[in-house]
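Take a look at this one; I'll ask things after.
All values reported here derive from a predicted model rather than from experimental measurement.
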Amino acid sequence: MQVYTKQVVDFVEEHRTACTIVLVSGVGLFALRRWMGGGVCRSKALLDGKTVLITGANTGIGKETAVDLARRGAKVILACRDMGRASKAAEEIKKRSGNDKVIVRRLDLASLKSVRALAKEIQETEDRLDILINNAGIMMCPKWETEDGFEMQFGVNHLGHFLLTNLLLDLLKKSTPSRVVNVSSLAHETGKIHFDDINMDKNYNPHTSYLQSKLANVLFNRELAARLKGTGVTTCALHPGVIRTELGRHFFSQLWKRILFLPFTFFIKTPWEGAQTTIYCAVEGSLKDSSGLYYSDCAPKLAAPQGRDDAVARRLWDLSASMVGLD
């Protein structure tokens, strides 16, 4: 052992500069990775007796959010399209959280019929709804249409959640103080609502469509807050970060993109890290009197100018209500 130690010491002495560079680089990379991980929700709030509904909670940040809120004692409803995967996720969440109050309900956000059916089921079976987390989404898919003929990304990311939230408002108001949490993205900063071609039939671009849908989340959150003022129901929108989840499956469908992006995966958030701002918005006590704001890394952040345009938010609301048949 002494011989081995001496060899190591001799090696370091002979290559002092190189070893110093390696050490400093390693510490620097570790520090950078931790910084890239973002903020962490420090709230110790408990949710005993509370009910939470999370869309798309069978994987990624939705599942990590479900685990955390279940650990806090909440009854957690996983609203998912694939019931097989959702049931498997529910069992994992129960084991990790130690909470058996985790149930599965079917929701296909690409179908207004499915959205209405879930809302009716929740209204009939649940006495309260304290937190609604609009988490599910799709990113940069081909030019697909929802069951009702809407462009898929706008239909799933915005219209489905728009209708679901509105249909559950009475239950949310009954359960005040309650919250609506809308998972958006930093992508909204370069987004635009294409009112003249909302389904992008004239010139479809997966990236442009995604930006539109994420901006729609922020604008919906703003107008929803204005309409709910004084009701005891508060809302927020958030950017979870760039995360290693299934959301990017369409963007990374080509092998060359996966290979090119591989060196950068070290710096991307894990699902647990990505869920922290969602959890923060759902449970942080200091937010009880705040509504309509936008958050990133467990802290308020100013949304892009187009996400703070009240006239556009109202116009989008009216258009969305007309598209989904909401009175």
Completion exercise
dist Leu228:CG -> Arg179:CZ (nearest 0.5 Å) comes out at 14.0 Å
Problem - Student check: side-chain heavy atoms of Arg116 and Leu167 closer than 4.5 Å - result: yes
Problem - Ser320 and His158 side chains, donor-acceptor separation under 3.5 Å - result: yes
Handout entry: hydrophobic_cluster_shared for Tyr204 and Met323, side chain cutoff 4.5 Å
Key = no
Exercise for the section: Determine yes or no for a side-chain-to-main-chain donor-acceptor pair under 3.5 angstrom, with Asn135 supplying the side chain and Gly56 the backbone. Expected result: yes
Problem - Donor-acceptor under 3.5 Å (Asn199 side chain, Glu151 main chain) - result: yes
Exercise for the section: Examine distances only and state if a side-chain atom of Ser114 and a backbone atom of Asp108 form a donor-acceptor pair shorter than 3.5 Å. Expected result: yes
Problem - Shared hydrophobic cluster for Val218 and Phe154 (ILVMFWY, side-chain gaps under 4.5 Å) - result: no
Completion exercise
Ala86 and Asn58 have their tightest heavy-atom pair at CA-CB, 3.8 Å
Problem - Short N-O contact, Lys174 and Glu126, less than 4.0 angstrom - result: no
Exercise for the section: Indicate, with yes or no, if the rings of His188 and Tyr294 have centres closer together than 6.0 Å. Expected result: yes
Please set out all donor-acceptor pairs under 3.5 angstrom arising from side-chain atoms of residues 96-103, sequence neighbours excluded.
residue, atom, partner, partner atom, Å
Arg96, NH1, Glu64, OE2, 3.2
Arg96, NH1, Glu92, OE2, 3.3
Arg96, NH2, Glu64, OE1, 3.0
Arg96, NH2, Glu64, OE2, 3.4
Ser97, OG, Ile93, O, 2.6
Ser97, OG, Asn99, N, 3.2
Asn99, OD1, Lys101, N, 2.7
Asn99, ND2, Ala70, O, 2.9
Asn99, ND2, Ala74, O, 2.8
Lys101, NZ, Gly73, O, 3.1

Fill in the blank from the handout: CD of Glu223 to CZ of Arg315, rounded to nearest 0.5 Å, is 14.0 Å
Handout entry: Residues Glu121 and Arg105 bridged, charged N to O under 4.0 Å
Key = yes
Practice task
Report yes or no: do Val324 and Leu319 belong to one cluster of Ile/Leu/Val/Met/Phe/Trp/Tyr joined by side chain heavy-atom distances under 4.5 Å?
Solution key: yes
Problem - Lys192, NZ: over 12 other non-hydrogen atoms inside 6.0 angstrom - result: no
Problem - Salt bridge Arg128-Asp130, side-chain N to carboxylate O under 4.0 Å - result: yes
Completion exercise
One should read off an interatomic distance between Ser185 OG and Tyr210 OH, to the nearest 0.5 angstrom, of 4.0 Å
Exercise for the section: Supply the atom-to-atom distance Leu219 CG to Ile193 CD1, rounded to the nearest 0.5 angstrom. Expected result: 5.5 Å
Handout entry: Check: Glu273 main-chain N/O paired with Thr270 side-chain donor or acceptor under 3.5 Å
Key = yes
Handout entry: Test item: Met83 and Val104 side chains (from C-beta on) under 4.5 Å apart, heavy atoms
Key = yes
Problem - Greater than 12 external heavy atoms within 6.0 Å of Asp201's CG - result: yes
Practice task
State plainly whether the residues Glu91 and Lys88 are in salt-bridge range, i.e. N to O under 4.0 Å.
Solution key: no
Exercise for the section: Scan for ring-ring contact (aromatic ring centres under 6.0 Å, His included) pairs involving residues 303-325, sequence neighbours excluded, and state none if there are none. Expected result: Phe162-Trp317, Phe220-Trp317
Exercise for the section: First locate atom CG of Leu47, then atom CD1 of Ile131, and finally report the distance between them rounded to the nearest 0.5 Å. Expected result: 5.0 Å
Practice task
Look at the side chain of Thr277 and the backbone N and O of Cys298, then say whether any donor-acceptor pair between them is shorter than 3.5 Å.
Solution key: yes
Exercise for the section: May I ask whether Met200 and Ile198 are part of the same hydrophobic cluster, defined by side-chain heavy atoms of I, L, V, M, F, W, Y residues being less than 4.5 angstrom apart, directly or through others? Expected result: no
Problem - Heavy-atom closest pair, residues Ala282 and Ile133 - result: CB-CD1, 4.2 Å
Problem - Side chain Gln276, main chain Asp297, donor-acceptor under 3.5 Å - result: no
Fill in the blank from the handout: Heavy-atom nearest pair, Val115 first then Gly160, reads CG1-O, 3.8 Å
Problem - Whether Thr146 side chain and Asp148 backbone form a donor-acceptor pair below 3.5 Å - result: yes
Problem - Donor-acceptor contact present, side-chain Gln153 to main-chain Met140, <3.5 Å - result: yes
Handout entry: Approximate separation, where rounding is to 0.5 Å, of Ile122 CD1 and Leu164 CG
Key = 8.5 Å
Problem - Partner of Asn134 under side chain to side chain donor-acceptor pair (under 3.5 Å), chosen from Thr165, Asn157, Thr235 - result: Thr165
Practice task
Give a yes or no answer on whether the side chain of Asn205 reaches the backbone of His207 with a donor-acceptor pair at less than 3.5 Å.
Solution key: yes
Practice task
Mark yes or no for whether Arg72, through its side chain, and Ala45, through its backbone, hold a donor-acceptor pair below 3.5 Å.
Solution key: yes
Problem - Heavy-atom closest pair, residues Leu109 and Ala136 - result: CD1-CB, 3.6 Å
Exercise for the section: List the atom of Leu78, the atom of Ala57, and the distance in Å for their closest heavy-atom pair. Expected result: CD2-CB, 3.6 Å
Practice task
State which residues pass side chain to side chain donor-acceptor pair (under 3.5 Å) with His161; sequence neighbours excluded, sorted by chain then number.
Solution key: Thr55
Exercise for the section: Look at the side-chain heavy atoms of Ile, Leu, Val, Met, Phe, Trp and Tyr, link any pair under 4.5 Å apart, and say whether Leu186 and Leu211 land in one connected group. Expected result: no
Practice task
Answer yes if the side chains of Asn221 and Asn182 hold a donor-acceptor pair under 3.5 Å, and no otherwise.
Solution key: yes
Practice task
Report yes if some heavy atom in the side chain of Val312 is under 4.5 Å from a heavy atom in the side chain of Phe195; otherwise report no.
Solution key: yes
